[in-house]
There are 2 protein chains.
Amino acid sequence: MQHISSVSPLVRHLSAEARRAPESGIVEVINAGRERDDLVPLWVGEGDLPTPDFICQAAKQSFDRGETFYTYQRGIPELRQALAEDHSKLYGKPFSAERFFVTGSGMQSIQIAVRCVAGPGDEVVYAAPAWPNLPAAVELTGAHAVPVAMELHDGRWELDVERLFAAVTPKTRAIFLNSPCNPTGWVAGREVLQAVLTETRKRGLWIIADEVYGRFFYGAGTAAPSFYDVAEEDDMILYVNTFSKNWAMTGWRAGWISAPRALGQVIENLIQYSTSGVPVPTQRAAIAALTQGADFLADQISRAAAGREAIVSTLSQVPRLQLSEADGAFYLFFSIDGVRDSRQGALDLVRETGVGLAPGVAFGAAGEGYFRLCYASSLKRLETAGNRIGDWAAQYKVAG
Amino acid sequence: MQHISSVSPLVRHLSAEARRAPESGIVEVINAGRERDDLVPLWVGEGDLPTPDFICQAAKQSFDRGETFYTYQRGIPELRQALAEDHSKLYGKPFSAERFFVTGSGMQSIQIAVRCVAGPGDEVVYAAPAWPNLPAAVELTGAHAVPVAMELHDGRWELDVERLFAAVTPKTRAIFLNSPCNPTGWVAGREVLQAVLTETRKRGLWIIADEVYGRFFYGAGTAAPSFYDVAEEDDMILYVNTFSKNWAMTGWRAGWISAPRALGQVIENLIQYSTSGVPVPTQRAAIAALTQGADFLADQISRAAAGREAIVSTLSQVPRLQLSEADGAFYLFFSIDGVRDSRQGALDLVRETGVGLAPGVAFGAAGEGYFRLCYASSLKRLETAGNRIGDWAAQYKVAG
């Protein structure tokens with residue numbers, strides 16, 4: 001992860017927060033490899049299928065109806081209702097449409113959730129390694145993002161809840177928890193969620209719950225354990241989510257926040273002063289995804305499950321390569337003996353083999369020494385990638 | 001303009017900046033009138049035509065090509081190139097594609113521009129009355145927005161540049177100037193722009209130049225005077241703009257920032273950590289607007305010019321109603337004798353006549369006592385509105 005250096009006198013005149021915002025640690029690797037003919041790109045968190053036609057059709061028909069004007073800041077009522085119904089079905093209890101707020105991406109959901117609860121000088125504690133955009137969004141509000149490293153025990157990531165709360169200070173406003181986790185695939189058990197909730201209730205802290213990968217769960221049940229399973233409607237929890245992963249809509253920029261209804265006007269204002277709402281055709285597409293997308297989503301999940309099985313089966317044969325076991329998301333997080341500098345390792349790997357992975361250090365210091373591989377891809381691609389990674393790992397010269 | 005009161009204990013736990021973000025002063029009036037059958041809504045800053053078909057087609061074809069994946073944070077190269085060519089043509093000098101950054105709306109352009117230059121404790125000075133989203137975006141970064149009231153002389157708004165800079169303190173990081181102005185229609189002359197530029201250069205301040213209505217100019221020439229006419233490529237100016245007004249694309253959420261190239265990586269990072277880019281189909285639509293939209297834009301401008309002439313001609317006959325003269329944008333800003341409380345006046349007007357206007361106080365204290373009328377509308381609508389406003393003004397009981 002690089003920080004902007006003062007390359008130009010103009011940059012020195014920018015705000016400290018803007019200058020400190022880090023460059024993506026993945027893009028550098030992408031730039032090093034994107035032109036290769038034999039590229040197998042598994043570095044980004046998106047699948048290889050375009051958005052299905054029935055979703056695109058809904059947007060097109062909306063254009064045809066002339067739905068090209070300003071609209072509700074909180075989202076069109078039909079989409080908020082569809083979100084409520086989808087959640088009711090998934091979590092087996094009633095949800096009100098009033099608690100859903102449509103945003104211009106999961107990223108914007110995080111930005112708004114952070115802005116809701118934290119300001120200059122405040123702190124947000126989060127489990128690491130983590131998607132780097134979270135700490136970056138926190139720092140951009142003038143608050144500080146405080147990582148608590150998860151630990152690898154017997155090949156599985158674990159979150160020590162006591163250690164998490166040991167990082168809480170009087171300045172802490174929120175705990176950010178992402179489960180299933182990008183990049184590790186770790187899934188918080190119900191008892192972990194309950195423990196985090198109990199402790200935040202006691203201390204008057206917010207939870208920002210990133211459950212974007214909740215449906216990509218390879219344990220028992222149709223979804224990973226969720227704060228919805230243990231929390232009340234008016235608990236201090238802001239759920240951030242996106243249409244991107246479930247329905248192959250990464251390029252659409254559409255997400256949502258689920259929050260206590262009392263926050264409605266504040267969230268509306270924060271949407272107003274950032275993007276002023278989401279296009280109606282996009283929202284029609286999102287409704288199609290929610291109401292007609294069950295089969296497509298089931299295919300996505302079983303495709304990811306098959307990809308996971310295939311790549312685990314290949315890479316678990318590779319000497320000097322350590323897989324961590326995990327039950328969710330669509331990422332494999334692994335290390336190779338002797339590769340301590342994951343940025344250099346990812347650059348070498350893509351240059352020498354054409355396999356594009358995200359370097360673990362892009363997910364913070366707690367991720368150094370690891371690689372993230374996205375297995376939401378075809379089996380053929382994954383087979384090619386697995387074999388090339390195996391050969392490369394076997395030949396890698398351990399430094400020093 | 002109302003501030004969020006602590007209606008719920010949950011709201012009291014939010015950050016101070018989020019709680020302070022004001023509610024839109026226009027929405028309250030809209031809510032009071034939106035159900036009327038005979039409504040003539042001239043309260044919002046958008047025309048009454050949907051986006052033309054050739055623009056929608058470009059988006060639809062992009063969906064058909066499967067352009068539904070993540071894309072460049074700065075915008076696709078073709079759109080940045082189209083923006084450069086459009087600017088070169090309009091301002092008669094070369095522009096590099098590298099200085100253009102695609103955003104998810106003019107609003108997001110403002111948010112990012114403010115975030116670039118200002119942080120907690122800093123100040124941004126702006127001419128008022130102004131679009132309320134600007135000061136709100138400034139305050140949400142933790143900075144302070146400092147209004148300098150423009151003055152009405154002989155029925156024309158004027159900006160006293162000396163007074164503007166008298167508000168500058170050691171904490172000031174930027175001057176925000178919106179010309180043509182929403183809500184007054186005021187257009188800064190070239191000499192005003194030159195004076196502002198000279199002074200900011202001397203003091204090392206940024207300019208955030210909102211020239212969104214630059215083509216809606218009723219003086220001589222194809223565009224209002226612009227900072228592009230007086231500034232160099234690397235002056236400390238962030239131009240914020242949108243596709244919304246020129247090409248009837250308000251609902252699309254697409255805009256751009258034009259800035260010195262040296263800021264590229266910082267702006268890319270700020271896009272990454274807010275919305276992570278703009279959908280490719282939206283960008284294809286924007287390219288169609290720029291490259292095939294000249295005739296449509298010319299129609300939009302002449303339609304606004306005709307609307308302006310019609311509504312000015314009707315309202316200038318109304319006793320006790322004071323028009324201010326202005327050369328740009330598509331708003332009329334006027335007052336009625338005895339109406340001091342513009343919020344109450346706008347609520348009364350829409351309830352009693354069905355004509356929806358924006359209350360001047362929604363644009364800050366400097367706008368109190370005025371109404372904003374959007375004349376980007378059909379002549380028939382404007383005639384109806386003009387007559388009803390005239391009758392209402394004639395009967396309005398002066399309080400006290």
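Just so you know, these numbers come straight off a predicted model, no measurement behind them. So that the names make sense, note that chain A is the first sequence line, chain B the second, and so on, each numbered from 1.
Across every non-hydrogen atom of B:S274 and A:S105, the tightest pair is O-OG, 4.1 Å. Heavy-atom minimum distance, A:Q272 versus B:S24: NE2-CB, 4.3 Å. Nearest heavy atom pair, residue A:P50 against residue B:T68, reads CA-OG1, 3.5 Å. When all heavy atoms are compared, the tightest approach of B:N133 to A:S276 is ND2-OG, 4.1 Å. The two atoms that bring B:L10 and A:L263 nearest to each other are CB-CD1, 3.8 Å, heavy atoms only. Among all heavy-atom pairs drawn from B:P120 and A:P120, the shortest one is CG-CG, 3.5 Å.
B:T275 has its side chain out of reach of A:M107: every pair of non-hydrogen atoms, C-beta onward, lies at least 4.5 Å apart. No side-chain heavy atom of B:V117 sits less than 4.5 Å from a side-chain heavy atom of A:S15. Contact of the B:P22 side chain with the A:Y273 side chain is registered, since non-hydrogen atoms from C-beta on lie closer than 4.5 Å. In this structure, the side chains of B:R115 and A:L140 come closer than 4.5 Å at one or more pairs of heavy atoms. Taking 4.5 Å as the limit, every side-chain heavy atom of B:D48 sits out of range of all side-chain heavy atoms of A:F69. Side-chain contact between B:Q265 and A:R19: absent, with no pair of heavy atoms (C-beta onward) separated by less than 4.5 Å.
Residue pairs meeting the salt bridge (charged side-chain N to carboxylate O under 4.0 Å, His left out) criterion with at least one partner in residues 248-277 of chain A, sequence neighbours excluded, are A:R74-A:E268. The salt bridge (charged side-chain N to carboxylate O under 4.0 Å, His left out) pairs that include a residue from residues 53-71 of chain A are A:K60-B:D64, A:D64-B:K60, A:R65-A:E67, A:E67-A:R284, where partners are two or more places apart or lie in different chains.
A:E23 and B:N269 form no side-chain donor-acceptor contact under 3.5 Å, judged by distance and modelled atom types alone.
Taking the six-membered ring where the residue is Trp, A:W206 and B:H13 present perpendicular rings, their angle passing 60° and hence far from 30°.
Using a 4.5 Å cut-off between heavy atoms, A:A118 touches chain B through its backbone atoms (N, CA, C, O) alone.
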